[in-house]
There are 2 protein chains.
Amino acid sequence: MNTKVRYGVRTAMELALKKPGEDIYQKDISINQEISYKYLDQIIAGLKSAGLVTTVSGKKSGYILTREPGRISVYDIYTAFNPGLAVVECLSDEEVCKKEERCAAKHFWEELNDVVERYLKSITINDLLEKQVEINKQLAE
Amino acid sequence: MNTKVRYGVRTAMELALKKPGEDIYQKDISINQEISYKYLDQIIAGLKSAGLVTTVSGKKSGYILTREPGRISVYDIYTAFNPGLAVVECLSDEEVCKKEERCAAKHFWEELNDVVERYLKSITINDLLEKQVEINKQLAE
DNA sequence: AAAAATCCTACTAAAATGGTAGGATAAAAC
DNA sequence: GTTTTATCCTACCATTTTAGTAGGATTTTT
């Protein structure tokens, strides 16, 4: 899990809090989330080309999520920055291990991959926001 | 999951098949598993310093597992080559994120980390060997 | 003593990571 | 219609990690 995925998640959380009529700019996200303004360029570009975020460019434009936060999973954000989930390289179709299907280890790595993938798909941006509310409540006590 | 962990798992599987009186040398593992003899040096060194493998002095010498295959998990092998499991860097104690406990994302990464850790701990070398027997049986059909 | 095996340290090419830099483009405000 | 402010786009780069290679020292067996 590299910084792009992590920052991507936090960016999506930030955008999910946008209220109708309100504008959220790259600058806002950069400041709130303490992510370099320029690096955020690449984060947002990734989210856009994955179809998770959209914008109208121009002076007052800002960004917006294309789907409700409850319909964007962490897996969606992960795949915005990675070709696919592969906990070991022999799972990505590029490289083909000589041992292939004879390899019990490979079967195990595939199962691990499934475990992780299922979990990433099960958590949405909305879940994270709810968790955030819960955390804020606990801190206020 | 880097090559050291993957090769480490396959090396442990190889050693687990050792019968009493039989010797398994680095050379054997290198040939059977198609791992460079010299690189295997480092793999075995890691397994040894983690206490999973020891050198036996007998007729010649060779290596042996220090525990039954059913009591060596993939997590044990993982930690032989990595300081600890951390799917994101802010989970390793070295770096401390400014957001710390206020961050819902971090809580999520921690849960993901637990999911992976539990799974790695749940699978033993013995499980992999049993799976291998199953695969061999299916291929023979 | 020779041979065969383990043990140990250092080096390195290539790729990935986590950014920075500089400017082009688009549209709203004046 | 020009200035301002925001997005968009491409290239570059330092550092770290990865996946080994290399060379030899030491120990054990024959």
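To find a chain, count down the sequence lines: A is the first, B the second, and so on, and within it residues start at 1. Predicted model, so just to flag it, every value in this text is computed and none were measured.
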Participant: Give, ordered by number, those residues of residues 21-30 of chain A having at least one heavy-atom distance below 4.0 Å to an atom of DNA chain C; if nothing qualifies, reply none.
Facilitator: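 Listed by number, there are none.
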Participant: Just so I know, are the side chains of B/V53 and B/I64 near enough to count as touching, which here means a heavy-atom distance under 4.5 Å?
Facilitator: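 No, too far: nothing below the 4.5 Å cut-off.
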Participant: Just how far, in rounded Å, is P of D/dA19 from CZ of B/R6?
Facilitator: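 So the CZ-P distance, B/R6 to D/dA19, works out to 7 Å.
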Participant: Separation of B/I44 atom CD1 from D/dG20 atom P, in whole Å?
Facilitator: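 Rounded to whole Å, this separation is 15 Å.
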Participant: Find the distance B/I64:CD1 to C/dA5:P and express it as a whole number of Å.
Facilitator: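 After rounding, the gap between these two atoms is 18 Å.
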Participant: Rounded to the Å, how far apart are A/L40 CG and D/dA6 P?
Facilitator: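 To the nearest whole Å, that distance equals 14 Å.
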Participant: Quick test of your reading of the model: are B/E134 and B/K131 salt-bridged, counting only N-O distances below 4.0 Å?
Facilitator: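 Yes, this pair counts.
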Participant: Would you please indicate yes or no on a ring centroid separation below 6.0 angstrom for A/Y119 and B/F108?
Facilitator: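 Centroid distance B/F108-A/Y119: below 6.0 Å, so yes.
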Participant: Show your reasoning for whether side chain to side chain contact (heavy atoms under 4.5 Å, CB included) applies to B/E14 and B/I35.
Facilitator: CA-CA 12 Å; B/E14 191 83 12; B/I35 301 169; over 6 Å; no
Participant: Is there side-chain contact between B/Y39 and B/K4, with at least one heavy-atom pair below 4.5 Å?
Facilitator: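 Of all side-chain heavy-atom pairs linking B/K4 with B/Y39, at least one is under 4.5 Å.
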Participant: Send over the distance from B/N82 CG to D/dT16 P, rounded to a whole Å.
Facilitator: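 Those two atoms, CG and P, are 18 Å apart.
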Participant: Give the B/S/- string for nucleotides 20-25 of chain C, one per nucleotide from 5' to 3', where a protein heavy atom under 4.0 Å of the base yields B, of only the sugar-phosphate yields S, and otherwise -.
Facilitator: B-BB--
Participant: What I'd like to find out is whether the side chain of B/L47 reaches to under 4.5 Å of the side chain of B/F81, using heavy atoms alone.
Facilitator: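 Result yes, sub-4.5 Å side-chain heavy-atom pair found.
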Participant: Can a side chain N or O of B/T55 be found less than 4.0 Å away from OP1 or OP2 on C/dC7?
Facilitator: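 Yes, within the criterion.
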Participant: Can A/K48 and A/T55 be said to form a side chain to side chain donor-acceptor pair (under 3.5 Å), step by step?
Facilitator: CA-CA 9 Å; A/K48 284 195 69 174; A/T55 173; 5.2 Å; no
Participant: Does A/Y7 place a side-chain N or O at less than 4.0 Å from the phosphate oxygens OP1/OP2 of C/dG18?
Facilitator: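 So the side-chain polar atoms of A/Y7 never come under 4.0 Å of the phosphate oxygens OP1 or OP2 of C/dG18.
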Participant: I want to check one thing: is the phosphate of D/dA19, taken as OP1 and OP2, less than 4.0 Å away from some side-chain N or O of B/K4?
Facilitator: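 B/K4 to D/dA19 OP1/OP2: no side-chain N or O under 4.0 Å.
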Participant: Could you state the CG-C1' distance from B/N2 to D/dT16, rounded to the nearest angstrom?
Facilitator: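 Going from B/N2 (CG) to D/dT16 (C1'), I get 14 Å.
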Participant: What verdict does the side chain to side chain donor-acceptor pair (under 3.5 Å) test give for A/Y63 and A/T11, after you've listed the backbone C-alpha separation in whole Å, the side-chain angles of each residue and the deciding distance to 0.1 Å?
Facilitator: CA-CA 10 Å; A/Y63 298 105; A/T11 296; over 6 Å; no
Participant: A/K48 has an atom NZ; how far is it from atom P of D/dT10, in whole Å?
Facilitator: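 Distance check: A/K48 NZ to D/dT10 P gives 13 Å.
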Participant: Would you check if the side chain of B/T124 reaches a backbone N or O of B/I72 as a donor-acceptor pair within less than 3.5 Å?
Facilitator: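 It does not hold such a pair.
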Participant: Whole angstrom is fine here: how far is it from CE in A/M1 over to P in C/dT17?
Facilitator: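 Going from A/M1 (CE) to C/dT17 (P), I get 12 Å.
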